[in-house]
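In what follows, chains are A, B, ... by sequence order, proteins preceding strands, each numbered from 1. Computed from a predicted structure; not experimentally measured.
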Amino acid sequence: MRYQRPRGTNDILPDDTPLWNRVEETFRTLCKHYGYHEIRTPIFEDTDLFTRSMGEHTDVVSKEMYTFTDRGGRLITLKPEGTAPVVRAYVENNLAAQGGVSKLYYITPIFRYERPQAGRYRQAHQLGVEAIGSQHPALDAEVIALAMHFYREMGITRLSLVLNSVGCPVCRPVYRERLREFAKPFVHELCDACQTRFDLNPLRMLDCKRERCRTLLHDAPDIIESLCEECRTHFDALRAYLDALQIPYVVDKHLVRGFDYYTKTAFEIVSDALGAQNALGGGGRYDGLVEEIGGPPTPGIGFALGIERAIIVLKELGLAQAKRETVDVFVAALGEDATLPALQLLQALREAGMSAEMDYQRRSLKGQMKLADRLGSRITLMLGEEELAQGVVTLRDMVTKEQRFVPVDDVVPQVIRALQPEHA
RNA sequence: GCGGCUGUAGCUCAGCUGGUCCAGAGCGCCUGACUGUGGCUCAGGAGGUCGUGGGUUCGAAUCCCAUCAGCCGCCCCA
């Protein structure tokens, strides 16, 4: 029986892991600079956490979650996003007690049962940030700046920041009703999906891609003009900050994010280097989420970036050349008698802090030299009958091709010296 | 969940109006060209259930059906 990985999942092979690590390290370093600390939460949670926070009528909750009953009869879900678990952990562990704003970051797999496509997988990976405990728009600006900084740091340029405000519990219901009233006369001319949205989540009608719906809703009331005083002030302040930080963006009043917990700021980062799945990342403010999850009323904002999508763009833009991982020293052993001494030599080199390799397939010296070359070794040590008899090893510089005998006892220091760049 | 395209050696692909294809190329891999020496060149070699399962036919990688997987669009978003 040949097995294949479950649909929509990926094996990340050694050819790609260096790139993945570069992405993750870049993010970690940046988070450190911005004052965010890593948090790790379980890969599964009570199903209810997600239905409550994201909203039971959202696509993800209603048809994309990996949900199952465990042996104890608990209803469990593999996390489909990163925010709710972090907020749950924030509340459960009373991180608020530490005072100030909790600035957290995470790197996590997420699971959604969707039809796979390039850039859309059933197990995907996200880099994310959550800043909980302040409603100051400066925090919105910081979070967005961090996301944009990350892409700049990676060299990704073909992207744009799309911004909107989706209001708050004060102004959104009012706007929602205005929208419903506007659409009421022609609901039946809208597509099936929008007719459902009309009842459950009218705002989502705004970002329907169908030409017919777009036309009908073209003159719909503007959410930004319907914002309450507080939301409007917040949005204006954020825009002023972004302008001052010279972070370019476009306001798209049709941008609506997929989860119910968003309030005020909503943003997405899109790239035309991706296909239909063009969002590199997105996020927004969620001032009611902490309370919804059982904590005290506490504002928050965050974002999540897709690692797979970042990598697709990096490859698309030719920025994925991972510098080959090379080895410092290769030890060529000739014959069985040389195997043990070679192994000891390897160990000594490694313990001295160098990377060292040897052959385990009984290749000829020629074969071992080819291997040494392929591994990119700068130094090759040779150990055969002659060397064993004299208590020496042959040290060959692979670049200059110079080689000489070195007493076994002195090999490690000699190799270290030979590896010094100024010595080359 | 809907519509469409694709699936041949490790990789990239040719072959596909059915029959010298008991399937080929390039790259990669292995071996050899001074039986102790690399990156070039040359010569050999290993490696394929032609995604899988049925069917049509004297005969199928080539046609049909189903299934699995990937991809494109929709949807949704990371």
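- The P atoms of U67(B) and G26(B) are separated by 39 Å, rounded to the nearest whole Å.
- Here Arg158(A) does not pair with Glu316(A) in a salt bridge; the nearest charged N to carboxylate O distance is not below 4.0 Å.
- Here Cys213(A) contributes atom SG and His218(A) contributes atom NE2; the two are 14.0 Å apart, rounded to the nearest 0.5 Å.
- Residue pairs meeting the ring-ring contact (aromatic ring centres under 6.0 Å, His included) criterion with at least one partner in residues 42-62 of chain A, sequence neighbours excluded, do not occur; the list is empty.
- At the heavy-atom level, Gly376(A) lies nowhere under 4.0 Å from the strands shown.
- For the C1' atom pair drawn from C68(B) and G28(B), the interatomic distance equals 29 Å after rounding to whole Å.
- A salt bridge links Arg257(A) to Glu268(A): one of the charged nitrogens lies within less than 4.0 Å of a carboxylate oxygen.
- A cation-pi contact, defined as under 6.0 Å to the ring centre and within 45° of the axis, is absent between Arg40(A) and Tyr106(A).
- For Phe259(A) and Tyr261(A), the ring centers are positioned less than 6.0 Å apart.
- Taking atom C1' on both nucleotides, G54(B) is separated from C75(B) by 34 Å, rounded to a whole Å.
- Between Arg257(A) and C77(B), a side-chain N or O to OP1/OP2 separation shorter than 4.0 Å is absent.
- Phosphate contact (OP1/OP2 of C30(B), side-chain N/O of Arg363(A), threshold under 4.0 Å): present.
- Residues passing the side chain to side chain contact (heavy atoms under 4.5 Å, CB included) test with Gln347(A), sequence neighbours excluded: Glu351(A).
- The separation of C74(B) from G51(B), taken at their P atoms, amounts to 29 Å, rounded to a whole angstrom.
- Contact check of residues 335-348 of chain A against RNA chain B (heavy atom, cut-off under 4.0 Å) returns no residues at all.
- For Ala348(A), the side chain to side chain contact (heavy atoms under 4.5 Å, CB included) partners at least two apart in sequence or on another chain are Val412(A).
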**OP:** Return one dot-bracket line describing RNA chain B 5' to 3' (Watson-Crick or G-U wobble pairs, both distances under 3.5 Å; ( ) same strand, [ ] crossing, | another strand, . none).
**Re:** (((((((..((((.....[....)))).(((((.......))))).....(((((..]....))))))))))))....
**OP:** At under 4.0 Å between heavy atoms, which parts of nucleotides 33-38 of chain B does protein reach? Answer with one letter per nucleotide, 5' to 3': B base, S sugar-phosphate only, - none.
**Re:** ---BBB
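- If you check every strand for non-hydrogen atoms under 4.0 Å, Gln4(A) touches sugar and phosphate atoms only.
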